[in-house]
Amino acid sequence: MFETLSAASADAILGLIAEHRNDPRPEKIDLGVGVYRTAEGATPVLDVVKAAERELVANQDSKAYIGTAGAADFNSAMQALVFGTTSPDKRLVTLQTPGGSGSLRVAAGLILRSSPDTTVWVSEPTWANHVPLLGGAGLNLKPYPYYDTSSHVIRIDAMLETLRSAVAGDIVLLHACCHNPSGLDPSAEQWRAITEVIVERELVPFIDMAYQGFAEDIDADAYAIRHMAERVPEMIVASSCSKNFGLYRDRVGTLSILSADSKTRDVVDSQVNNVVRTIYSVPPDHGAAVVSLILHNDALRSAWVGELTDMRERLRDMRVLLNDSLLAKVPQHDFSHLVRATGMFCFLGVSVEQVARLKKDFGVYMVDSSRINVAGITPANVAYLADSIAATVAGG
Ligand code: LMR
């Protein structure tokens with residue numbers, strides 16, 4: 001039967017990992033997949049994660065199933081982290097999921113059960129896997145304008161105008177912070193304007209938060225979620241611990257669903273748990289148990305906030321360093337959007353041909369759209385990187 005298949009094309013982001021690994025040039029630079037790296041180019045396990053893992057190994061007394069929703073202590077801690085709540089909200093259900101992607105997939109399953117024909121509006125551009133993941137699950141997707149690739153600003157008026165054309169019940173996928181790929185987030189004022197349209201048109205916000213803590217801090221990065229949660233009857237939030245806890249391969253995330261009232265919440269709770277059972281049955285435990293230990297222990301929690309702050313500040317420093325280096329080498333090109341963006345990503349702002357040339361001639365790897373992961377920049381490689389970019393943009 002498999003002879004009917006033809007090979008799938010390499011993933012636009014994950015495919016770069018192997019390409020970069022197989023490049024023999026020692027000066028090569030990986031600005032591809034969104035993984036944090038130190039100035040030495042490493043992605044170490046956070047110290048606080050190591051400490052929590054030691055405690056877990058010493059004290060965990062069972063590996064028995066924990067159920068479709070995962071661990072209650074993890075879910076309550078994550079609900080508080082995401083929503084800033086101090087006590088459980090009777091309209092809200094939060095489930096442990098295998099990373100942010102698992103959360104998105106379960107959310108798609110729930111949407112398909114409740115409103116299979118609804119439209120999900122996604123930002124243009126958005127994370128390269130949003131459309132394959134949600135569209136592949138069977139949702140109808142339509143783009144809303146988000147980023148102006150020539151002036152490097154958010155197209156807020158065009159975005160609001162498009163959302164005003166949506167019909168009641170449509171879903172709007174938003175990035176809570178560190179928009180992937182552009183790195184540009186709405187200001188608080190723009191979030192309020194987006195919320196007004198959502199309320200006015202009776203739309204349902206579906207917020208993906210993969211980078212909480214990477215833009216400004218844990219609370220500021222959740223502004224859109226917390227602002228909307230007070231104003232809308234229904235909302236979906238996917239959250240990931242891959243980046244902020246460095247638990248990429250352990251697959252840790254949550255799915256939260258806000259319902260109009262507590263009775264509906266209980267129905268949603270039963271349905272979403274049933275969706276989980278039909279996809280992966282129960283979520284993986286290890287990473288979530290580590291996060292739960294950290295969030296429930298004051299000392300571990302403050303150590304985590306410290307490590308998260310270090311990561312965020314290094315990313316910000318590398319943006320400034322690259323922009324300064326490019327300004328010195330190619331002052332006629334404006335790269336100042338690099339420092340206006342936050343988190344791991346932004347567009348370099350070069351053509352797909354120039355992206356190919358950077359890879360071929362200089363061993364500099366980035367996504368075709370010219371999205372770069374600034375964690376790949378270090379004080380040691382920035383001069384070579386800026387020279388490579390300068391030579392490429394000078395060549396047209
Ligand atoms: C990225 O955008 O590079 C990350 O979110 C990793 C991924 O899975 O694509």
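Predicted model only: the values in this text are computed from it and were never measured. In what follows, every heavy atom counts, from backbone to side chain, and hydrogens, waters and symmetry copies are set aside. FYI, the numbering just counts along the sequence from 1.
Under a hydrophobic-cluster definition in which Ile, Leu, Val, Met, Phe, Trp and Tyr are linked whenever side-chain heavy atoms come within less than 4.5 Å, directly or via other members, V267 and I111 are assigned to different clusters. Tracing side-chain contacts under 4.5 Å through hydrophobic residues (I, L, V, M, F, W, Y), one never reaches V339 starting from F335; they form parts of separate clusters. The cluster map of Ile, Leu, Val, Met, Phe, Trp and Tyr, joined by side-chain heavy atoms under 4.5 Å apart, puts V199 and I225 in the same cluster. Grouping the Ile, Leu, Val, Met, Phe, Trp and Tyr side chains by contacts below 4.5 angstrom, directly or via other members, places L173 with L112. In the hydrophobic cluster analysis, where Ile, Leu, Val, Met, Phe, Trp and Tyr join through side-chain heavy atoms closer than 4.5 angstrom, V320 is grouped apart from M344.
Between the OG atom in S256 and the CG atom in L95 there is a gap of 8.0 Å [rounded to 0.5 Å]. Between the CG atom of D185 and the CD atom of E216 there is a distance of 9.5 Å, given to the nearest 0.5 Å. Taking CG of L174 as the reference point, atom CE of M235 lies at 9.5 Å (rounded to 0.5 Å). Rounding to the nearest 0.5 Å gives a distance of 9.0 Å between OG of S325 and CD1 of I389. The line from CD1 of I377 to CZ of R314 is 8.0 Å long, rounded to the nearest 0.5 Å. To the nearest 0.5 angstrom, I207 atom CD1 is 11.5 Å from S239 atom OG.
Under a 3.5 Å cut-off, the side chain of S370 and the backbone N or O of G349 do form a donor-acceptor pair. A donor-acceptor pair is defined here as one N or O able to donate and one able to accept, closer than 3.5 Å; no such pair exists between the side chain of D261 and the backbone of R91. Side chain of R316 to backbone of A215: a donor-acceptor contact under 3.5 angstrom is found. Checked by atom type and distance alone, the side chain of R371 pairs as donor or acceptor with a backbone atom of G32 at under 3.5 Å. In terms of modelled atom types and a separation under 3.5 Å, the side chain of Q96 and the main chain of A71 share a donor-acceptor contact. Under a 3.5 Å cut-off, the side chain of E3 and the backbone N or O of M1 do form a donor-acceptor pair. Formation of a donor-acceptor pair under 3.5 Å by the N244 side chain with backbone atoms of G213 is not found in this model. Distance alone, capped at 3.5 Å, is enough to place a donor-acceptor pair between the T43 side chain and the Y36 backbone. A donor-acceptor pair under 3.5 Å is formed between the side chain of S182 and the backbone N or O of L184. In this structure a side-chain-to-backbone donor-acceptor pair under 3.5 Å is missing from E196 to A193.
A donor-acceptor contact closer than 3.5 angstrom links the side chains of R340 and S336. Side chains of S259 and T264: no donor on one and acceptor on the other come within 3.5 Å. Using a 3.5 Å distance cut-off with no hydrogens or angles, the side chains of D208 and H130 do pair a donor with an acceptor. Counting only N and O atoms by type, the side chains of T68 and N273 include a donor and acceptor under 3.5 Å apart. Donor-acceptor pairing under 3.5 Å is lacking for the side chains of Y365 and K359.
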Between W191 and Y223, is a ring pair (Phe, Tyr, Trp, His ring centres under 6.0 Å) present by the stated rule, with each step listed? CA-CA 8 Å; W191 276 126; Y223 177 77; 7.8 Å; no
I'd like to know whether D170 forms a salt bridge (charged side-chain N to carboxylate O under 4.0 Å, His left out) with K142, so could you lay out the CA-CA distance, the side-chain angles of the two residues, the decisive distance to 0.1 Å, and finally the verdict. CA-CA 10 Å; D170 278 2; K142 275 192 194 160; over 6 Å; no
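Counting all heavy atoms, side chain and backbone alike, V82 lies closest to M209 at CG1-CE, 3.8 Å. For the pair P205 and I198, the tightest heavy-atom approach, listed with the atom from each and the gap, is CD-CG2, 3.9 Å. When all heavy atoms of A108 and A137 are compared, the closest pair comes out as CB-CB, 3.8 Å.
Few gaps surround CG on N59; more than 12 heavy atoms of other groups in view lie less than 6.0 Å from it. Other residues, nucleotides and ligands contribute more than 12 heavy atoms inside 6.0 Å of the CD atom of E200. Heavy atoms from other residues, nucleotides or ligands lying under 6.0 Å from CZ of R249 number 12 at most.
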Could you give the side-chain donor-acceptor pairs of residues 158-165 under 3.5 Å, partners two or more places apart or in another chain?
| from | atom 1 | to | atom 2 | distance (Å) |
| --- | --- | --- | --- | --- |
| T162 | OG1 | A158 | O | 3.0 |
| S165 | OG | T162 | O | 2.6 |

Review item, side-chain donor-acceptor pairs of residues 277-295, under 3.5 Å, at least two apart:
| from | atom 1 | to | atom 2 | distance (Å) |
| --- | --- | --- | --- | --- |
| R277 | NH1 | S281 | OG | 2.3 |
| T278 | OG1 | V275 | O | 2.7 |
| D285 | OD2 | Q60 | NE2 | 3.1 |
| H286 | NE2 | E53 | OE2 | 2.8 |
| S292 | OG | D73 | OD2 | 3.1 |
| S292 | OG | H296 | ND1 | 3.3 |

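The aromatic rings of F345 and Y211 stand perpendicular to each other, their planes meeting at an angle above 60°, with 30° marking the opposite boundary.
Counting heavy atoms from C-beta outward, L338 and V374 have side chains that stay 4.5 Å or more apart. Looking only at side-chain heavy atoms (C-beta outward), N381 and E27 stay at 4.5 Å or farther from each other. Here the side chains of D30 and R37 are in contact, with some heavy-atom distance below 4.5 Å. Between L203 and I171, every side-chain heavy-atom pair lies at or beyond the 4.5 Å cut-off. Inter-residue side-chain proximity for L92 and R265 is flagged as unmet; no heavy-atom pair is nearer than 4.5 Å. In this structure, T126 and N180 have side chains that are not in contact, with every pair of non-hydrogen atoms separated by 4.5 Å or more. In this structure, L141 and W121 have side chains that are not in contact, with every pair of non-hydrogen atoms separated by 4.5 Å or more. No side-chain heavy atom of F362 sits less than 4.5 Å from a side-chain heavy atom of I29.
In this structure, R312 forms no cation-pi arrangement with F214, as its terminal cationic atom is not both closer than 6.0 Å to the ring centre and no more than 45° off the ring axis.
In this structure, Y147 has its ring center closer than 6.0 angstrom to the ring center of F347.
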